[in-house]
Amino acid sequence: MTAKAGISNWGGNLKFRPVEVLYPTSEEEVCAIVRRAKEEGKKVRVVGSGHSWTPLIEAEQAVLVNMDDYSGIVSFDSANCRANIRAGTKLKHIGPALWDHQMAMENMGDIDSQTIAGAISTGTHGSGIKLQSIPNTLTSLRIVVASGEVIHVSREADPRLFKACAISLGALGIITEVQLQCVPIFNLRCDLSKRKPEEVLDNLRALVEQHRSFEFFFFPYGDAVLVKTLNEAPVDHTSVTAKCRKLDNFVENVSLEIISKYLSKQPESCETLSKLISSSVTCSCFTDRSYGAFVTARTVKFLEMEYSVPYENAVDCVRQMRKAIQNERFQVHFPIEVRFVKGDDLFLSPAYGRDSCYIAVHCYKEQEYKAYFDHMEQILLMCGGRPHWGKMNTLTGADFQDIYPQWHEFCSVKAALDPSCLFCNPYLCELFKEHGRARAAAPQVPTWHTSADDLMCRGTGDGGEAAALRSATNRW
């Protein structure tokens, strides 16, 4: 379909008009879209749920591929606790489907509206210092590359290529299917408690490490923090109904919307109302199925910036941010969210090579945010921060080279898989500009096709192209 109206993201800070928006219903259709765009000299971008604030999905005068119509669970492997899932499947649909087969995702964030491919491609995470981000639960994926063909990438068969594809920003191709390593079903008890800021910060490491999941929210100008913990509970016990949680979330969201709209017109009242919100935090607890306990409904639209800092820098970073808010008197009222994630080895992961603390700064969509975000970003960077790929930041390609140890490794994979930058919009071209030009001597990647049983290298009869792929991946 032609995009007669403009497209915008969930937060409303991005607006653009693609040449057309296409809704493939099969992997073959995705391949055809890529081939046609390449022949016509058009760029291609993919959109999931649009729940990112960076210009990753912008497709001005380009082809935008929406994978909503290519969704659903392909197969369940109960023996190995794995599931094959189409790229357009929303996280909110995966949890119940897995549960029916006695499986669950190991961890999730607090929003479940994203597609599985979008969540993976941007490094979506939950909280838990012994738990990694969602892309780390991948065992393999299928991706349509710039040639219009499909390749199968697995951690076991090709770990280097896998580490590039697992968090790839849509810059390497269009993911069509993923295989997730799941775990047996489990319930979670969620406890929400009110603590003093210094009580939490002084005992942070002990608090983080004694819970499956630990996170906290601190309020600008407030003298209390909201602590949220999740711990496993017996599967046969739940203490909350969907109806009750929906009512609680509705009341919370309506209240926040009313306050936020008022403060967007009366910003001088932010400090007073922030203190009031902080003082009104109440304690509660409930037990639910894991996929229900992870998630909190959020209908009030906001802007967000999130950085990952080394775990050991968490306390100092939070204290600096709280002090800066007090000194600069920023007119903000949304809480700052602090979560914890185990380190990993994915090339573009903000948690690459280190256990991490993710700190998210929010601002209501109608409030002035720039001075506040800029100041917080400087503190986060000084504390060793790396931005979440879906959240607002001001960094350039040169900055990313300095803070991501495997940046050039990823760029080499990108140059091999997409030498003409078919999947890059202006934002990504800027990030990868030193590597984004088509190179006459770019490494050649063999072509692939799908057989009835598996993806096989299209060989010459002597295994030459398979050897070429091994050679190329060794160079990567």
Side-chain angles (χ1 to χ4, degrees), residues 11 53 109-111 125-127 190-201 204 207-208 213-230 248-249 251-264 267 269-284 294-309 314-315 317-340 357-369 371-373 375-377 379-380 388 391-392:
W53 289 262
D110 56 2
I111 295 172
H125 62 92
S127 191
C190 175
D191 286 276
L192 300 170
S193 60
K194 183 177 179 179
R195 307 276 188 96
K196 290 291 186 182
E198 288 308 312
E199 176 192 353
V200 171
L201 294 177
L204 187 62
L207 290 168
V208 169
S213 172
F214 177 90
E215 62 183 283
F216 67 93
F217 302 79
F218 70 88
F219 299 84
Y221 312 110
D223 60 356
V225 299
L226 173 65
V227 170
K228 176 182 177 181
T229 62
L230 293 171
D248 289 344
N249 289 329
V251 172
E252 290 174 4
N253 280 288
V254 169
S255 301
L256 183 58
E257 184 76 58
I258 293 171
I259 292 171
S260 299
K261 281 187 175 296
Y262 171 78
L263 291 176
S264 68
S269 299
C270 279
E271 183 172 338
T272 300
L273 281 178
S274 180
K275 290 179 179 177
L276 178 62
I277 294 170
S278 172
S279 65
S280 65
V281 168
T282 57
C283 302
S284 64
F294 284 128
V295 178
T296 302
R298 300 190 188 280
T299 61
V300 181
K301 295 193 174 182
F302 52 84
L303 303 177
E304 182 174 359
M305 175 180 70
E306 183 175 36
Y307 269 73
S308 156
V309 302
V315 172
C317 189
V318 170
R319 283 184 169 140
Q320 286 190 53
M321 293 172 75
R322 294 187 71 235
K323 183 177 180 180
I325 292 170
Q326 294 287 340
N327 291 343
E328 301 296 327
R329 319 310 293 183
F330 293 112
Q331 295 177 331
V332 292
H333 67 286
F334 264 57
I336 293 175
E337 183 178 19
V338 184
R339 293 180 283 179
F340 303 86
C357 168
Y358 280 75
I359 303 176
V361 182
H362 310 81
C363 190
Y364 183 57
K365 63 176 182 176
E366 295 175 12
Q367 287 179 305
E368 172 55 43
Y369 71 90
Y372 175 49
F373 277 22
H375 200 109
M376 296 299 105
E377 185 175 43
I379 294 173
L380 290 160
H388 185 300
K391 314 293 176 69
M392 299 172 75

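Residue numbers count from 1 along this sequence.
- Under the 4.5 Å side-chain criterion, counting only non-hydrogen atoms from C-beta, Val281 is not in contact with Phe217.
- Between Ile325 and Met376, the closest heavy-atom pair is CG1-CE, 4.1 Å.
- With a 4.5 Å cut-off on side-chain heavy atoms, Val227 and Phe216 count as touching.
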- Taking it one step at a time, do Ile359 and Cys357 satisfy side-chain contact (heavy atoms from CB on, under 4.5 Å)? CA-CA 6 Å; Ile359 303 176; Cys357 168; 3.7 Å; yes
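- Interatomic distance, Glu215 CD to Ser127 OG, rounded to the nearest 0.5 Å: 5.0 Å.
- Side-chain contact between Cys317 and Ile379: present, with at least one pair of heavy atoms (C-beta onward) separated by less than 4.5 Å.
- For the atom pair CG (Leu303) and CD (Glu368), the distance works out to 10.0 Å, reported to the nearest 0.5 Å.
- Judged as a ring pair (Phe, Tyr, Trp, His ring centres under 6.0 Å), and not counting sequence neighbours, Tyr221 has no contacts.
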> Should Val200 and Phe218 be marked as a side-chain contact (heavy atoms from CB on, under 4.5 Å) after you check the CA-CA gap, both sets of side-chain angles, and the distance that decides it?
Replying inline: CA-CA 10 Å; Val200 171; Phe218 70 88; over 6 Å; no
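- With sequence neighbours excluded, the residues that form a ring pair (Phe, Tyr, Trp, His ring centres under 6.0 Å) with Phe330 are Tyr372, His375.
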Residues Leu204, Phe214; criterion side-chain contact (heavy atoms from CB on, under 4.5 Å); working and verdict: CA-CA 10 Å; Leu204 187 62; Phe214 177 90; 3.9 Å; yes
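- Cys270 approaches Leu263 most closely through the heavy-atom pair N-CD2, 3.7 Å.
- Closest non-hydrogen pair, Gly11 versus Lys365, comes out as O-CB, 4.3 Å.
- Nearest approach of Cys363 to Val332, heavy atoms of both residues: SG-CG1, 4.4 Å.
- Shortest non-hydrogen contact noted between Glu304 and Phe373 is C-CE2, 4.0 Å.
- Within the 4.5 Å cutoff, no side-chain heavy atoms of Glu377 are placed close to those of Met392.
- In this structure, the side chains of Pro335 and Leu226 stay at 4.5 Å or more apart for every pair of heavy atoms.
- Remark: Leu201 CG to Lys196 NZ distance equals 13.0 Å, nearest 0.5 Å.
- Distance OG1/Thr229 to CG/Leu207: 9.5 Å, rounded to 0.5 Å.
- In this structure, Met321 CE and Ile336 CD1 are separated by 4.0 Å, a value rounded to the nearest 0.5 Å.
- Relative orientation of the His362 and Phe302 rings is perpendicular, given thresholds of 30° and 60° on the angle between their planes.
- Counting heavy atoms from C-beta outward, Arg298 and Asp110 have side chains that approach closer than 4.5 Å.
- Scanning all heavy atoms of the two residues, the minimum distance from Ser278 to Ala224 falls at OG-N, 3.2 Å.
- Atom CG of Leu192 sits about 8.0 Å away from atom OG1 of Thr296, to the nearest 0.5 Å.
- Within a 6.0 Å radius of NZ in Lys194, more than 12 heavy atoms belonging to other residues, nucleotides or ligands are found.
- Proximity of Ser213 to Phe294: side-chain heavy atoms (C-beta onward) are nowhere separated by under 4.5 Å.
- Counting heavy atoms from C-beta outward, Tyr364 and Glu257 have side chains that approach closer than 4.5 Å.
- By the ring pair (Phe, Tyr, Trp, His ring centres under 6.0 Å) test, His333 is found to be paired with no residue, residues two or more places apart in sequence or in another chain being considered.
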